[in-house]
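Computed from a predicted model, the values in this text were never measured in an experiment.
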Amino acid sequence: QMAHLHTLFAFVLLVAVAATEGNGLASHKQRHFGGLQDQGEDGLACDLCQDVIIGLEDFLGANKTITEIINAFTKVCNALPAKAKSKCLAEIPEIAGQLSQAEAPITTKYSPFSLCAMVGTCQIDCCATPVNPEQIHLSITPDLSEMVVMWTTLNYSAQPEAHYGLSQDNLNMTVQATSSSYTSGGWKGYLHTAIMTGLKANTTYYYKVGDPTIFPHFWMHSSWSQVPSLHFTTRIVGTRNTKTRMAVIGDAGATDASMMTFVHLAERVVQKDFDFLFHDGDIGYADGYQTLWDEYIRKTESVGGFVPYMTVQGNHEGFYDFKPYMARYRMPWKESGSTSPLYYSFDYHNIHVVALNSESEFGLASRTITPDSDMYKWLVKDLASANANRVQRPWIVVILHRPLYCVEHNHDCEGGATTLRNGIEALLFEQKVDVVIQAHRHNYQTTFPLYNGTAVQKDFDSPKAPVYILNGAAGNKEHLMGFPSQLPAWSRKNIEEYGYGMLEATNASQLVWQYFAAADNSLLDTITITK
């Protein structure tokens, strides 16, 4: 019966596509087969969807307007069985806006399978095995006695737990995790979050995650994390002179361009060279295709499983209104008084870090940087509180994905940057923010202390305005970006090379920024701010 049904739908599909496109299904592209996709009605819908996409590839091969993309995908959905059609139609508004902004043609950037997954017709399994935890990563809360750990499994876990202790042979403390999931982009899996409590300051803890109720060798794979030496070191009860060292990256991704960046970061983790990492948006470059989320977090487990992996979203996280991003990374937004997971703040030793949402002014969410918006009002209070506490934490660092300042002559550096400056630059200046870290442009740029388009000084001795650092070259699939021949007077140094940053608040009077090459880990730039 299923074979007859498949033949019937295939015939209807051929007629529909021939009538609408006049070119049948001739194509050099192949459908993706595998796993559960070839079984039952769901597998049939996945196959049919890919066939229609192949039939529309010439149309989708050029950049299209939102309306044209909606119309094209509506044709795809209408060719599917009723259940799949309904789900497919519901997903179209979630992806059309983002797809219309793609610089590359849709069928160059995405395979038929990935497009069908994005409309919920093909299934994306998160993980290689049913119960083995993977994609393990840490984050902090304001409480020094806590550490958050997240992990992913394909199957539902009845009793997800984190076990931890002072020795990997004596994990004598246990905490139950909460579980969640989402279905955007056809993703299948479960996300588990546990908060390890009762931690002593400046102490190394070992841990593992999993489920004790699952038979330990189910399918010859353990239900516990497989790295025996997973561990982290808690924060110090710091003073204004307690050193803080954070790694900073922007615009990385699951593909091989970021490989060397993470090789060097993993080496520094082993050497206990930094306290935590901050990823300034454009994280895995999933762009709606959930497989890339899974690949990226697996790739970064050698860092995120050992030091807190703090994040803020970029434009490539915007699909499905940031739902996959918010589900996969647990940041301390509620604890910092924010009304959204897309912006928050936290303290680490002698630094106050503020993570802002730069995406909303560009059509990916509600407006956030007007004076009457929730984020702006929150930012006023947060910076005022941080300034009142300068004796304890003398440094304030603001991080957001899109730049307020960059040197190229394009919409990002002129139209978009102007919008952001009009929204928050005066506030950052008035509240004496020390450094603003940005990304989005795939290169490295730094400014002199800068306000209102003018360098207020050409040194970094007690700066009278923020220093702007653009660090968007951790390694992504969209290549590096060069610079114009004429640069503004406020521009200090620009480098077209993949790399990563290290920010060290040495004490209350010195903040050091360094930029390292991904290729060979050589030091490319240093800024020392004193006050």
Side-chain angles (χ1 to χ4, degrees), residues 1-61 64 68-96 99 105-128 130 154-155 182-189 286-295 319-320 324:
Q1 290 180 337
M2 183 57 66
H4 290 306
L5 184 61
H6 196 296
T7 302
L8 175 61
F9 271 105
F11 175 75
V12 172
L13 171 65
L14 286 166
V15 172
V17 173
T20 56
E21 301 301 321
N23 61 0
L25 293 177
S27 173
H28 66 282
K29 294 194 176 182
Q30 301 295 316
R31 282 186 292 148
H32 172 97
F33 295 96
L36 299 175
Q37 301 301 341
D38 299 325
Q39 308 297 320
E41 183 177 312
D42 290 342
L44 172 62
C46 179
D47 291 348
L48 292 174
C49 177
Q50 291 176 77
D51 284 338
V52 180
I53 292 290
I54 292 170
L56 296 173
E57 68 176 341
D58 289 339
F59 177 79
L60 291 172
K64 299 296 178 182
E68 290 172 326
I69 290 171
I70 289 174
N71 290 340
F73 276 93
T74 299
K75 291 179 181 179
V76 174
C77 299
N78 286 337
L80 304 178
K83 179 181 176 182
K85 173 183 175 180
S86 177
K87 186 174 184 180
C88 179
L89 289 171
E91 293 282 18
I92 293 174
E94 297 275 7
I95 65 171
L99 288 177
I106 293 172
T107 50
T108 298
K109 191 170 184 177
Y110 299 97
S111 68
F113 177 81
S114 61
L115 288 169
C116 290
M118 289 165 65
V119 292
T121 303
C122 296
Q123 179 178 296
I124 299 289
D125 286 356
C126 70
C127 312
L154 177 60
N155 286 2
Y182 67 88
T183 59
S184 301
W187 189 75
K188 181 184 177 183
D287 288 324
Y289 184 39
Q290 302 307 300
T291 293
L292 292 180
W293 268 121
D294 297 319
E295 289 180 0
F319 279 83
Y320 309 105

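Under the disulfide bond (SG atoms under 2.5 Å apart) criterion, C127 pairs with no residue, sequence neighbours left out. Shown here are the salt bridge (charged side-chain N to carboxylate O under 4.0 Å, His left out) partners of E91, two or more places apart in sequence or in another chain: there are none. For the side-chain contact (heavy atoms from CB on, under 4.5 Å) test, residues two or more places apart in sequence or in another chain that qualify with T74 are I70, N78, L89, I92. Qualifying side-chain hydrogen bond (donor to acceptor under 3.5 Å, both in side chains) partners for K109, counting only residues two or more places apart in sequence or in other chains: D287. Not counting sequence neighbours, W293 has no partner by the side-chain hydrogen bond (donor to acceptor under 3.5 Å, both in side chains) test.
The nearest pair of heavy atoms linking Q123 to F113 is O-CZ, 3.7 Å. In terms of heavy atoms, G189 sits closest to C126 at CA-SG, 3.8 Å. Smallest separation of non-hydrogen atoms from I53 and C116: CG1-SG, 3.8 Å. Of all non-hydrogen atoms in C49 and V76, the two that sit nearest each other are SG-CG1, 3.6 Å. Looking at every heavy atom in both residues, A79 comes nearest to L48 through O-CD1, 4.3 Å. Scanning all heavy atoms of the two residues, the minimum distance from T121 to C88 falls at OG1-CB, 4.0 Å.
The shortest side-chain heavy-atom distance between F319 and L99 falls under the 4.5 Å cut-off. Taking 4.5 Å as the limit, some side-chain heavy atom of Q50 sits within range of a side-chain heavy atom of C122.
One distance of note links CD1 of I95 with CD1 of I69; it measures 8.0 Å at 0.5 Å rounding. Atom CG of D125 and atom CG of L154 lie 5.0 Å apart (nearest 0.5 Å). Annotation: the span from I106 atom CD1 to S114 atom OG amounts to 10.5 Å, rounded to 0.5 Å.
The closest side-chain donor-acceptor pair between Y320 and Q290, if any, does not fall under 3.5 angstrom.
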task: Go through the steps to decide whether L56 and F73 satisfy the test side-chain contact (heavy atoms from CB on, under 4.5 Å), and finish with yes or no.
output: CA-CA 9 Å; L56 296 173; F73 276 93; over 6 Å; no
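Aromatic ring pairs are classed by plane angle as parallel below 30°, tilted from 30° to 60° and perpendicular above 60°; the pair Y182 and W187 is parallel.
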